[in-house]
2 protein chains.
Amino acid sequence: MKKDPASANFLPLYEQIKRLITRGLAEGEWPPGEAIPSEMELARRYQVSQGTVRKAIDELVKENYLVRRQGKGTFVATHADDGTAYRFLHLFPLEGEREYPHSRFIGFGRGKADAPLAKRLSVRPGSGVVILRRVLEFSGKPVVYDDIRLPVALLKGISSAMIEDHVNAHKGTLYSLYETRYAIRIVSAQERICAALADEISAPLLNVAIGSPLLCIERVAFSYNLQPVEWRKSYINTENYYYFDELN
Amino acid sequence: MKKDPASANFLPLYEQIKRLITRGLAEGEWPPGEAIPSEMELARRYQVSQGTVRKAIDELVKENYLVRRQGKGTFVATHADDGTAYRFLHLFPLEGEREYPHSRFIGFGRGKADAPLAKRLSVRPGSGVVILRRVLEFSGKPVVYDDIRLPVALLKGISSAMIEDHVNAHKGTLYSLYETRYAIRIVSAQERICAALADEISAPLLNVAIGSPLLCIERVAFSYNLQPVEWRKSYINTENYYYFDELN
DNA sequence: GTCCACATGTCTTATATAAGACATGTGGCC
DNA sequence: GGCCACATGTCTTATATAAGACATGTGGAC
């Protein structure tokens, strides 16, 4: 435990504790949904004061890694939780109450990562990827077409049946599937948003005319320590829905 | 100062301090760029401990209201600062280094707020608004067309010459203009993003064909306490630039 | 067996203390 | 006058303490 501020690679104690806790999370010592040890216990374990652990946890809570529940303990955040299941879906109806989509899977296969995808996923070009295609329907109408790709190495033994079961029967999101079946927790994502026109593939799926304007969003989703896990490209019909962003 | 947690409208002390400091900021007691009093001084003034003030300031720093500079003091954040001037511009080139735009103003006038705009700006329908139109050029090429509207009451005596001077001669952003000339600081914004097609107005301004895909972003910018200040609609040619969003 | 009071464990808020780092101004030395 | 050492003020990090709030389990009274 480095405590000398003069040291070249000095890190504040709370930052070191943050990393130690994050390591525990990444290694699955405390799986999503479970409680981590109490602040006092972690303080003893890492040989620092409880206040330092508190500061580390405070930050991890702000980063959505952990969730505090007063009187009960501190828990590992999870997508298998109604409140946060659609945290990454920034799509809202132009009119009326917020709705959540139904997934209709239209393709499941395997392929190889080309150079750009390999770069985004930090894998070797040519390495195997799982390919998923689906349409998100709001109130029964198609709004989003997704092309989703993940390193096959992360999802050993995945099958279209398993996905359908989890997502449709079990009402889960893909991110909760990664969590419960593959112990991979998505904690952040980056999106690049462009405008595009509906083509022969997307137009019929979204039930719009070819040449209609669509949002095109390329997302890379990350697990702990910014490790890329999933790439996806979404085509969105924004006739009745908009993408919401809050700037601070 | 309420300290009784049993009270119905109980607020933690640090939260009360946060609001008191925010009030000082909103009322211009400490203008953008200036230092606020030291933690000890604020503690004396508000009759709480220095640690409580610290927690309040910590949060205000995370919300970009304040900036800490070790050894110097804590300062009111400002857009008139190279580092944060383009904090709200989420546009990046598909290739190459980040660039910053040049503003070309193409319209300046006044009008009345229709019902939707009035609602967004929290003003009476029919009340006066200033209307600004401009094109943002990156590397000399038009990429964004902005239609910007603000309550005229907030911008007494504004003129196109003043804007041109501030933005072009002085290299400032609109938000730094609001700050320096009108003591209005923009601290947050909400954006609704849709896909659209270039029409007879936007196409020539952006130098694209009618029917080209554009991003259409409707933004409302807020000052302290979520007070709406500015509405704008941006049309963006995303052939060479993308909108970036980070999800956490 | 059921229900309530109480103890216990945990997070929440508030306060106090102290050593160190960083920036700046002041006074003295040359 | 120029330069340096030092004091001062400020933020930064770490630790300790304590009263309260919330959730849960336990044991006794009935």
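Within every chain, numbering begins at 1; the chains are lettered A, B, ... in the order of the sequence lines, protein sequences first and strands thereafter.
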Student: What donor-acceptor contacts under 3.5 angstrom involve side-chain atoms of residues 159-166 of chain A, with partners at least two apart or in another chain?
Tutor:
| from | atom 1 | to | atom 2 | distance (Å) |
| --- | --- | --- | --- | --- |
| Ser159(A) | OG | Met162(A) | N | 3.1 |
| Glu164(A) | OE1 | Asn168(A) | ND2 | 3.1 |
| His166(A) | NE2 | Thr173(A) | O | 3.4 |
| His166(A) | NE2 | Ser176(A) | OG | 2.8 |
| His166(A) | NE2 | Leu177(A) | N | 3.2 |

Student: Leu150(A) and side-chain contact (heavy atoms from CB on, under 4.5 Å): which single residue from Val123(A), Leu155(A), Ile184(A) fits?
Tutor: Leu155(A)
Student: Measure the distance from CG on Leu13(A) to P on dA16(D) and round it to the nearest whole Å.
Tutor: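 To the nearest whole Å, that distance equals 12 Å.
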Student: Indicate whether OP1 or OP2 belonging to dT10(D) is found under 4.0 Å from a side-chain N or O atom of Thr74(B).
Tutor: no
Student: When both hydrogen-bonding distances must be under 3.5 Å and the geometry is Watson-Crick or G-U wobble, what is dT15(C) paired with, if anything?
Tutor: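 When the pairing criteria are applied, dA16(D) turns out to be the nucleotide that pairs with dT15(C).
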Student: Could you tell me whether Arg54(A) contacts a base, only the sugar-phosphate backbone, or nothing, with contacts defined as non-hydrogen atoms closer than 4.0 Å?
Tutor: base
Student: What is the distance from CG of Asp58(B) to C1' of dA14(D), rounded to the nearest Å?
Tutor: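 So the CG-C1' distance, Asp58(B) to dA14(D), works out to 14 Å.
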Student: Mind checking who dC22(C) pairs with, Watson-Crick or G-U wobble, both distances under 3.5 Å?
Tutor: dG9(D)
Student: Check side-chain hydrogen bond (donor to acceptor under 3.5 Å, both in side chains) between Tyr243(B) and all other residues, then give those that pass, not counting sequence neighbours.
Tutor: Asp245(A), Glu191(B)
Student: Got a sec? Which of residues 30-44 of chain A come in under 4.0 Å of DNA chain C, heavy atoms?
Tutor: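 Heavy-atom contacts with DNA chain C come from Ser38(A), Glu39(A).
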Student: Distance check needed: dC11(C) C1' versus Lys55(A) NZ, whole Å only.
Tutor: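 So the two atoms are 18 Å apart, to the nearest Å.
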Student: I need the CZ-P distance between Arg69(A) and dT12(C), as an integer number of Å.
Tutor: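 To the nearest whole Å, that distance equals 12 Å.
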Student: Check for me whether the distance between the ring centres of Phe138(A) and Tyr241(A) falls short of 6.0 Å.
Tutor: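 Phe138(A) vs Tyr241(A): aromatic centres under 6.0 Å.
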Student: List the residues meeting ring-ring contact (aromatic ring centres under 6.0 Å, His included) with Tyr14(A), not counting sequence neighbours, and say none if there are none.
Tutor: none
Student: ring-ring contact (aromatic ring centres under 6.0 Å, His included) with Tyr175(B): which residues, sequence neighbours excluded?
Tutor: His79(B), Phe88(B), Tyr178(B)
Student: Test: salt bridge (charged side-chain N to carboxylate O under 4.0 Å, His left out). Region: residues 65-81 of chain A. Which pairs qualify, not counting sequence neighbours?
Tutor: Glu39(A)-Arg68(A), Asp58(A)-Arg68(A)
Student: How many whole angstroms separate atom CD of Gln70(A) from atom P of dA19(D)?
Tutor: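 Computing the Gln70(A):CD to dA19(D):P distance gives 17 Å.
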Student: To the nearest Å, how far apart are Tyr14(A) OH and dG20(C) C1'?
Tutor: 15 Å
Student: Report the distance from atom CD of Gln16(A) to atom P of dT12(D), rounded to the nearest whole Å.
Tutor: 18 Å
Student: So, OP1 or OP2 of dA14(D): does either fall under 4.0 Å of a side-chain N or O from Ser49(A)?
Tutor: no
Student: Which whole-number value in Å describes the distance from Tyr46(A) OH to dA14(D) C1'?
Tutor: 18 Å
Student: Considering just the side-chain nitrogens and oxygens of Lys72(B), establish if one lies under 4.0 Å of OP1 or OP2 belonging to dT24(C).
Tutor: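 So the side chain of Lys72(B) is within the cut-off, an N or O lying under 4.0 Å from OP1 or OP2 of dT24(C).
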